[in-house]
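This chain uses plain numbering: 1 for the first residue, then up along the sequence. What you are looking at is a predicted structure, and each value in this text was computed from that prediction instead of being measured.
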Amino acid sequence: MQDTKSESYFVFMNYDPQYERLRANRTKRGTNELDLYLSRKHDQLLARTLEPGSYKKTLSLVIVDGFAVEITDDQASVLRSAKEVRLVEKNQELA
């Protein structure tokens, strides 16, 4: 049985030399380039691995090359198997 309840997950990417190069450029232009690069990279990963309309990316995390996305447990498993992904972790509320 497939799990259809979406929950928030954090997805962290493997080492990317292009990300490291862009992150080192601390100018305003460099920051904008990094934001665009990561957003596009994360969107492309999601489009390649998950069904369109079945997920909702909520933000890209520039400081760690990762993003937050609302997906099901099954979709999280699919993302874990992507070669560019280092870690997929469910967002846990702290009491």
Check your understanding: Is there a donor-acceptor pair closer than 3.5 Å between any side-chain N or O of Q75 and the backbone N or O of S54?
Key -> yes
Exercise for review: Would you mind checking if D73 and K5 are paired as a salt bridge, meaning a charged N to carboxylate O distance below 4.0 Å?
Suggested key: no
Exercise for review: Decide yes or no on side-chain contact (heavy atoms from CB on, under 4.5 Å) for T31 and D35, but give the supporting numbers first.
Suggested key: CA-CA 6 Å; T31 300; D35 288 344; 4.2 Å; yes
Revision key, fill the gap. Nearest heavy-atom approach of Q18 to R21 is NE2-NH2, 3.0 Å
Check your understanding: Do N32 and Y37 have side-chain atoms, one donor and one acceptor, less than 3.5 Å apart?
Key -> no
Check your understanding: What's the shortest heavy-atom distance between S39 and S60, and which atoms?
Key -> CA-OG, 3.8 Å
Study note, to complete from the structure: Test side chain to side chain contact (heavy atoms under 4.5 Å, CB included), reference F67, set L46, V62, L38, output is L46
Review point. Would a hydrophobic clustering, with Ile, Leu, Val, Met, Phe, Trp and Tyr connected at side-chain separations under 4.5 Å, put Y9 with M13?
Key: yes
Revision key, fill the gap. Test side chain to side chain contact (heavy atoms under 4.5 Å, CB included), reference L50, set L79, T72, D74, output is L79
Review point. Measuring from Y19:OH to K41:NZ, what's the distance to the nearest 0.5 Å?
Key: 8.5 Å
Review point. Is the backbone of K83 close enough, under 3.5 Å, to the side chain of N14 for a donor and an acceptor to pair up by distance?
Key: yes
Review point. Taking C-beta and beyond as the side chain, do E70 and Y55 meet within less than 4.5 Å on heavy atoms?
Key: no
Review point. Are L36 and L34 connected, step by step, through hydrophobic side chains (Ile, Leu, Val, Met, Phe, Trp, Tyr) whose heavy atoms are closer than 4.5 Å?
Key: no
Review point. Counting heavy atoms not belonging to R48, are there more than 12 under 6.0 Å from its CZ?
Key: yes
Point to revise | Shared hydrophobic cluster, L61 / V69 (ILVMFWY, side-chain heavy atoms < 4.5 Å) | key: no
Practice item. Determine, step by step, whether V85 and R80 satisfy the side-chain contact (heavy atoms from CB on, under 4.5 Å) criterion, reporting the C-alpha distance in whole Å, the side-chain angles of both residues, the deciding distance to 0.1 Å, and the verdict. Key: CA-CA 6 Å; V85 173; R80 282 184 185 100; 5.7 Å; no
Review point. Out of curiosity, does L87 fall in the hydrophobic cluster containing L59 (side-chain heavy atoms, cut-off under 4.5 Å, transitive links)?
Key: yes
**Study point:** Common cluster, I63/V88, ILVMFWY with side-chain heavy-atom separation under 4.5 Å
**Key:** no
Exercise for review: Verify the neighbour count for atom CD of E51: are there more than 12 heavy atoms of other residues, nucleotides or ligands below 6.0 Å?
Suggested key: no
Point to revise | Ionic contact status for R86 with D65, cut-off 4.0 Å | key: no
